[in-house]
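The structure appears below as C-alpha cells.
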Amino acid sequence: MQVSEALLFQLGALLAVLSVLGALARRFALSPIPLYLLAGLSLGNGGIWPVAAAGGFITTAASLGIVLLLLTLGLEFSATEFASSLRHHLPSAGADVVLNATPGAVAGWLLGLDGVAILSLAGVTYISSSGVIARLLEDLRRLGNRETPAVLSVLVLEDFAMAAYLPLFSVLASGGTWPAAVASMVAAVIALVAAFTASYRWGHHFGRLVTHPDSEQLLLRVLGVTLMVAALAESLHASAAVGAFLVGLTLTGDTADRARKVLGPLRDLFAATFFLSIGLSVDPQQLVPMLPAALVLAVVTAATKVLTGMVAARRDGVARRGQLRAGTALIARGEFSLVIIGLIGASIPAVAALATSYVFVMAIAGPVLARFTGGPLPQGAGSPR
C-alpha cells in the first residue's frame, strides 16, 4: 500500500510539536489546550507552515476527539444521577440562555445586522465548548468536585438547546422559510428526547452487551457502538458529543472503569488533534481586524458565563469557591460556535470574522482563567461513582 511521505512527515512533526507544548504546559501545572490552539493557528491556514497533506486526517481525528472526550466524561457518571441533575438544573439552563445569548444578539443589533445574523451571534456567544471543557476538567483534576455535575448539566442542556437551534438556524441561513425551519427544529427535538429516554430506561442493557474480559474486545465494542450512536445523533441535527456522552452514562461499575483505561490513550491523542484543528481552521489574518470588538464581547460574555456557572453550582449547595470554579470552567467556546460560523461564513463574511476572533479568544482565555481563578489543583480528586 502506497503511503504519502508528506502525510507521515507532517503528522509526525505535528505530534512532536504537541508533545513539546504539552510537556511545557504540564511543567507549569497548566492545561495544554491554549498552546495547542496557538500551535494550530501558527502552523495552519495562513500560518508559517501549511499542513495540507495532513489536513484530511486531522479533520477526521478531530471529530473522533470530541466523541472520545464526551464518551469518557460520561463514564464518570451514572444515567440515573445525571438525569436527576438535569431536571434540577432546568432553571439554570434558562438563566444560561438569557445571560449568554443576549450579549451576542445585542452586539448584532448594534452593528445593524439582519435577524439571521443577530441569531447567529446569539448562538455563538451562548454555547460553551463541550470538548474544551471536558478536557479541562480532566486536566485540572476536577471530575470528582462537587460543582462538576452542575457544569455538566449546563453543558448537556446547552447541547440539547443546540439540537433545536441548529436545524432552525441552518434552514433560515440557507434562505428557507420560518415554517420549514420550525418543522425541522421540532423533528430534531422529538428525536433527541426519544434517544435520551431510551438511554435512560434501557441503557443498562448496553453494559451487559459490550462487557468482555478481553480489553481489545471491550475497546472495539464500546467504540464501535459509540461511533454509530454519535453518527445517529448528528443525523438528527443533534451533537455527536451528546450521543457519545449518553453511551458513557450507560456503562457503570467495573465495565466503566476498564473502558476508561483502554480508551484513555486514544482520547488523549485524538483530543490533542481536536484542539489543533480549531487553530488550523482559522486564518490569522481574519482575527486582527475584528479583535477589538471580539475582546469587548469576550469580556462581557466571560462575566455572564461565570455568573451562569455560579447560579448552577449554588443550586447544588456548592460553596462560593466551587461556584467560581464552575463559572470559569464554562467560559470556553469552541466547536458549536465554529459550526455556526461555517453556516454564515459565505453569506455574511464580516460576522464570520468577528465570531471567529471571538471564539478563538474565548477558547484560549477560558482554560487560563479556569486554572488561575479556581484555586490550586485538588490532589487525588476521585470519581463521583
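Note that the structure is a prediction, hence the values are computed from the model and not measured. Only heavy atoms go into these numbers, but all of them, side chains included; no hydrogens, no water, no symmetry mates.
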Checklist entry - Where is the tightest heavy-atom contact between Ala293 and Leu354, given as atom of each residue plus distance? => result CB-CD1, 3.8 Å

Checklist entry - Does a side-chain heavy-atom distance below 4.5 Å link Val299 with Leu295? => result no

Checklist entry - Among the clusters formed by ILVMFWY side chains lying less than 4.5 Å apart, do Val300 and Met290 turn up in the same one? => result no

Checklist entry - Does the Ser128 side chain pair with the main chain of Leu330, one donor and one acceptor, at a distance under 3.5 Å? => result yes

Checklist entry - Should the pair Arg135-Asp139 be classified as a salt bridge under the 4.0 Å nitrogen-to-oxygen rule? => result yes

Next on the checklist: Under the criterion side-chain contact (heavy atoms from CB on, under 4.5 Å), I'd like the reasoning laid out for Asp159 against Leu70: C-alpha separation, chi angles, the key distance, then a yes or no.
Outcome noted: CA-CA 12 Å; Asp159 286 354; Leu70 270 295; 5.5 Å; no

Item to check | Evaluation steps, side-chain contact (heavy atoms from CB on, under 4.5 Å), between Leu246 and Val229 | outcome: CA-CA 9 Å; Leu246 293 179; Val229 172; 5.7 Å; no

Checklist entry - Could you give the distance from CD1 (Ile278) to CG (Leu38), rounded to the nearest 0.5 Å? => result 12.0 Å

Item to check | Reported CG-to-CD1 distance for the pair Leu121 and Ile340, which is rounded to 0.5 angstrom | outcome: 9.5 Å

Checklist entry - Cluster question for you: counting only ILVMFWY and a side-chain heavy-atom cut-off of under 4.5 Å, with indirect links fine, are Ile58 and Leu69 together? => result yes

Checklist outcome for this item: Between the CG atom in Leu68 and the CG atom in Leu73, the distance rounded to the nearest 0.5 Å is 12.0 Å

Checklist entry - Can you list the steps and then say if Thr102 with Val97 is a side-chain contact (heavy atoms from CB on, under 4.5 Å)? => result CA-CA 8 Å; Thr102 302; Val97 173; over 6 Å; no

Checklist entry - Checking Ser184 side chain against Ala181 main chain: does a donor-acceptor pair fall under 3.5 Å? => result no

Checklist entry - Are the side chain of Thr211 and the backbone of Arg208 linked by a donor-acceptor contact shorter than 3.5 Å? => result no

Next on the checklist: As an exercise, state the distance from CG of Leu140 to CD1 of Ile133, rounded to the nearest 0.5 Å.
Outcome noted: 11.5 Å

Item to check | Side chain to side chain, Leu324 and Arg321, heavy atoms closer than 4.5 Å | outcome: no

Next on the checklist: If you compare all heavy atoms of Thr177 against all heavy atoms of Val171, which two are closest, and at what distance to 0.1 Å?
Outcome noted: O-CG1, 3.9 Å

Next on the checklist: If we ignore hydrogens and angles and just use 3.5 Å, is the side chain of Arg258 paired with the main-chain N or O of His212 as donor and acceptor?
Outcome noted: yes

Checklist entry - Just by modelled atom types, is the Asn100 backbone N or O under 3.5 Å from a matching donor or acceptor in the Thr125 side chain? => result yes

Checklist entry - Any side-chain heavy-atom pair from Ser92 and Thr308 closer than 4.5 angstrom? => result no

Checklist entry - Any side-chain heavy atom of Asp96 within less than 4.5 Å of one from Leu157? => result no

Checklist entry - Going by heavy atoms in the side chains, are Tyr165 and Ile127 under 4.5 Å from each other? => result no

Next on the checklist: For a side-chain contact (heavy atoms from CB on, under 4.5 Å) check, start with the C-alpha distance between Thr273 and Thr59, then their side-chain angles and the critical distance, and finish with the verdict.
Outcome noted: CA-CA 8 Å; Thr273 61; Thr59 300; over 6 Å; no

Checklist entry - Is there a donor-acceptor contact under 3.5 Å from the side chain of Ser129 to the main chain of Arg333? => result no

Item to check | Distance (rounded to the nearest 0.5 Å) between Ile66 CD1 and Phe275 CZ | outcome: 7.5 Å

Next on the checklist: Tell me if a side-chain donor or acceptor on Thr255 pairs with a main-chain N or O of Leu251 at a distance below 3.5 Å.
Outcome noted: no

Checklist entry - Less than 4.5 Å apart, any side-chain heavy atom of Thr328 and any of Lys305? => result no

Next on the checklist: For a quick test of reading the model, state the closest non-hydrogen atom pair linking Ala363 to Leu37 and the distance between them.
Outcome noted: O-CD1, 3.4 Å

Next on the checklist: Looking at every non-hydrogen atom in both residues, tell me the closest pair between Ala164 and Val189 and how far apart they are.
Outcome noted: CB-CG2, 3.6 Å

Next on the checklist: Between Ser153 (side chain only) and Pro149 (backbone N and O only), is there a donor and an acceptor less than 3.5 Å apart?
Outcome noted: yes

Checklist entry - Would you find a donor on one side and an acceptor on the other, under 3.5 Å apart, between the side chain of Gln323 and the backbone of Val318? => result yes

Item to check | Note, Leu111 side chain near Val351 side chain (heavy atom, < 4.5 Å) | outcome: no

Checklist entry - Are any side-chain N or O atoms of Arg314 and backbone N or O atoms of Gly309, one a donor and one an acceptor, separated by less than 3.5 Å? => result no

Checklist entry - Hey, are the side chains of Arg325 and Asn145 touching, using non-hydrogen atoms and a 4.5 Å cut-off? => result yes

Next on the checklist: To check you understand the geometry: which heavy-atom pair defines the closest contact between Glu147 and Ala313, and what is its length?
Outcome noted: CB-CB, 4.3 Å

Next on the checklist: For the CD atom of Glu158 and the OG atom of Ser130, what is their distance to the nearest 0.5 Å?
Outcome noted: 7.0 Å

Item to check | Shortest non-hydrogen separation from Ala54 to Leu14 and the atoms involved | outcome: CB-CD1, 4.4 Å

Item to check | Worked verdict on Tyr358 versus Thr301 for side-chain hydrogen bond (donor to acceptor under 3.5 Å, both in side chains) | outcome: CA-CA 10 Å; Tyr358 165 80; Thr301 55; 2.8 Å; yes

